[in-house]
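One structure is given below, encoded as structure tokens.
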Amino acid sequence: MADPLIELVDVSKSYRRDTLEIPVLQNITMTVPEGEFLALMGPSGSGKTTLLNLIAGIDRPTGGILRVAGTELGGLSETELAQWRSRTIGFIFQFYNLLPVLTALENVELPLLLTPLSKHERREHAAVALELVGLADRVHHYPKQLSGGQEQRVAIARAIVTDPPLLVADEPTGDLDRTSAQEIMNLLGRLNAEYGKTIVMVTHDPRAAERARKVIHLDKGAFVQM
Amino acid sequence: MIIPLNYSFRNLWTRRLTTFLTAGGIALVIFVFSAVLMLANGLEKTLVGTGSDKNAIVLRKGAQSEFMSMLDRNAINIIQSQPEIAADPEGKRLAASEVVVLINLPKRGTNKPSHVQIRGVAPESLTMRPQVTLTAGRRWREGLSEVIVGREVAERFQGGGLGETIRFGMRDWTVVGVFEAEGAGFESEIWVDAEQLVQAFRRPVFSSITMQLSGAGDFASLKSRLEADPRLTVEVEREKQFYAKQSEMMATFIRVLGIFVTVIFSLGAMIGAMITMYASVANRTTEIGTMRALGFPRRSILGAFLFESLLLAAIGGGVGILLASFLQFFTVSTTNFATFSELAFRFILSPSIVIESLIFSLAMGFFGGFLPAVSASRRKIVEAFRAS
């Protein structure tokens, strides 16, 4: 078995609302090996998105140890964590989260601004990523000129352009029709199988979950056996 | 780590109407701000340009203006015999005893009367003031009731045009020439032979003597000798300084009042910019969260929003200065508090006014945009996504 890319030991997360402490995740322990395609499922409020956010380093646990790609995230400052994300994580959101004032190419180029690449190299890499997702002919289109499926493909290109080891996807097909959803899942499957990307995906959609190699169900902040 | 400037440009362009309105508010403030500075600058240039560095002016001690000064013929004779006075190529001494009288003339168009200063001059007066040039007609002839008028008088007062007549001192005076003085205060005066003026008003005294000095160091010796002379009660000043002093009070008044008003206006414009930027931050919560998730540090977000606000302000400032620059085609007139006569002057734009106005507009953008930019940069990523 491959080395674990993600390792959670006794991880908890709770939110404070006024004086009330609301537990969201309780004592989660899990490992995800490199090259895994993992789907997190569960009802609303089960804590699956919170778990994804912790793994992606955009939220911090209230307890436990969280190690991703060899880095213990608890010890990082805000700035170090931001740098770590830019190197390690590719984000795919339900509503694509493209910047509407930038073209497809510029959106994909955005994460590369945090690297030492020259402008020419950045453009080249972004174009390659767009070609990989099948949008070579849409580079100069703005998000509003693209369909939902195309927008999500641009978002995937943005997620892979820095060649991160881990892709996190929050309901990547949640806003798409069936055909587009299928295309996106095909693409994610390819990225996993051909390019060895580890993928952690939150989804409600059983058809999307079927494409994953492993499915974990959560309820009330804990894993449940199905 | 800089978020592309394009991002800020295009966001402003995407919200063009809001951008236009906010920048318009800033433009109006900058328009008023630079107009006030141009006005004060114009006034100073007009009055300071009236004097020359080479000339000295003698007035009665304590007189704030020529209008309040009186020198009798005895004093005139003593002063004109001083050795520091330069001579023209023909050996004639360059000292002109001048008389200043105020009269009322109706303005063209409105028919409203206003004070005009008449200056009784000697032939040397023109020699000592090379900036004064006749643009139409000819000089007055001695012994005749003839006047030459400054360009502003010719344009603004009834009877001031070439060939027309003006009535004062119980005589009709024919305008035989019109002169320009490089925008100086003389352009708001009527010039006439001093002897004729003294007779017409039956005044036994003159107002001042203006003289050209032979050397730069001569001023100090002339001043100390004349002011110490027990036969005289006079004050000697450099001509340029004398007119600069006249402009000081008014220019300061315009500046202080104008800046006070614009600072209050600017508060409104700053609040406008702040509301625009807060709205812009609120509309882009997801974008901010996304950029932070991708790894952009807080300072990049702060920088992007602050840059956007500065850009907005710079657009407003640029438009304001451009609009204000058109004021240079207008002439305004006001009563000069020092002489009580009407003085016409122009709005004059200078590089320092452009720079000051731009700095002021950027300051508005900075203070208006700072808090919204900080609030954008401090937003937690997860909360930003949840808010959307």
Side-chain angles (χ1 to χ4, degrees), chain A residues 13 15 24 49-54 56-61 76-103 105-116 119 122-123 142-144 155 158-159 161-162 164 168 170-171, chain B residues 1-20 276-277 279-305 307-309 311-312 315 374-388:
Chain A
K13 175 73 188 176
Y15 289 106
V24 186
T49 296
T50 302
L51 181 58
L52 191 76
N53 288 344
L54 292 177
I58 58 174
D59 204 355
R60 287 174 185 273
L76 299 185
S77 71
E78 193 69 29
T79 314
E80 288 167 336
L81 198 58
Q83 284 167 356
W84 174 85
R85 280 197 302 270
S86 69
R87 288 192 308 268
T88 319
I89 309 287
F91 286 92
I92 300 160
F93 304 94
Q94 180 177 0
F95 299 107
Y96 336 121
N97 291 14
L98 299 177
L99 305 196
V101 297
L102 302 184
T103 62
L105 188 71
E106 288 165 334
N107 264 293
V108 176
E109 191 192 349
L110 205 57
L112 294 174
L113 292 171
L114 296 159
T115 66
K119 188 178 173 140
R122 290 199 306 261
R123 289 279 148 120
Y142 286 92
K144 64 168 185 257
R158 180 179 67 186
V161 74
T162 53
V168 296
D170 191 0
E171 305 266 13
Chain B
M1 302 245 194
I2 289 178
I3 293 172
L5 302 183
N6 254 348
Y7 174 70
S8 301
F9 276 116
R10 290 193 204 152
N11 271 307
L12 287 179
W13 181 245
T14 307
R15 294 172 292 120
R16 340 187 227 290
L17 183 65
T18 330
T19 301
F20 171 75
T276 304
M277 289 311 294
S280 164
V281 170
N283 281 334
R284 281 188 270 159
T285 313
T286 315
E287 290 178 34
I288 294 165
T290 306
M291 285 192 281
R292 295 270 291 117
L294 292 180
F296 284 96
R298 288 185 196 282
R299 60 173 186 280
S300 296
I301 309 287
L302 182 82
F305 278 89
F307 176 74
E308 196 169 314
S309 174
L311 192 64
L312 188 67
I315 294 170
V374 167
S375 90
S377 72
R378 298 186 71 88
R379 202 149 290 200
K380 285 208 166 115
I381 304 172
V382 176
E383 280 166 18
F385 288 143
R386 205 172 292 144
S388 61

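Proteins come first, then strands; the chains are lettered A, B, ... in the order of their sequence lines, and each starts at number 1. As a basis for the values below, the full set of heavy atoms in this structure was taken, side chains included, without hydrogen atoms, waters or symmetry mates.
With a 4.5 Å cut-off on non-hydrogen atoms, A:Asn53 touches chain B through its side chain but not through its backbone. Only the side chain of A:Phe93 comes within less than 4.5 Å of a heavy atom of chain B; its backbone N, CA, C and O stay farther away. Contacts of A:Tyr142 with chain B are made by side-chain atoms alone, with heavy-atom separations under 4.5 Å and no backbone atom involved. Looking at A:Glu78, only its side chain comes within 4.5 Å of chain B, counting heavy atoms on both sides. Proximity to chain B (any heavy atom under 4.5 Å) is restricted, for A:Arg158, to the side chain, taken from C-beta onward.
More than 12 heavy atoms of other residues, nucleotides or ligands sit less than 6.0 Å from atom CZ of B:Arg16. Surrounding CZ of B:Phe20 are at most 12 heavy atoms belonging to other residues, nucleotides or ligands under 6.0 Å away.
Between B:Gly289 and B:Ile381 the shortest heavy-atom distance is O-CG2, 3.6 Å.
For the atom pair CD1 of A:Ile89 and CD1 of A:Ile58, the computed distance is 9.5 Å after rounding to the nearest 0.5 Å.
When B:Glu287, B:Met291, B:Lys380, B:Arg284 are compared by the number of non-hydrogen pairs under 4.5 Å with chain A, B:Glu287 comes out ahead. Comparing A:Pro100, A:Pro111, A:Gly90, A:Pro164 by how many heavy-atom pairs each has under 4.5 Å with chain B, the most go to A:Pro100. Looking only at heavy-atom pairs under 4.5 Å with chain B, the residue among A:Leu102, A:Thr79, A:Leu81 that has the most is A:Leu102.
Residues A:Glu109 and A:Val161 form no side-chain contact, since every pair of their non-hydrogen atoms from C-beta on lies 4.5 Å or further apart.
Cation-pi geometry between B:Arg379 and B:Phe305 is not met at under 6.0 angstrom from the ring centre and within 45 degrees of the axis.
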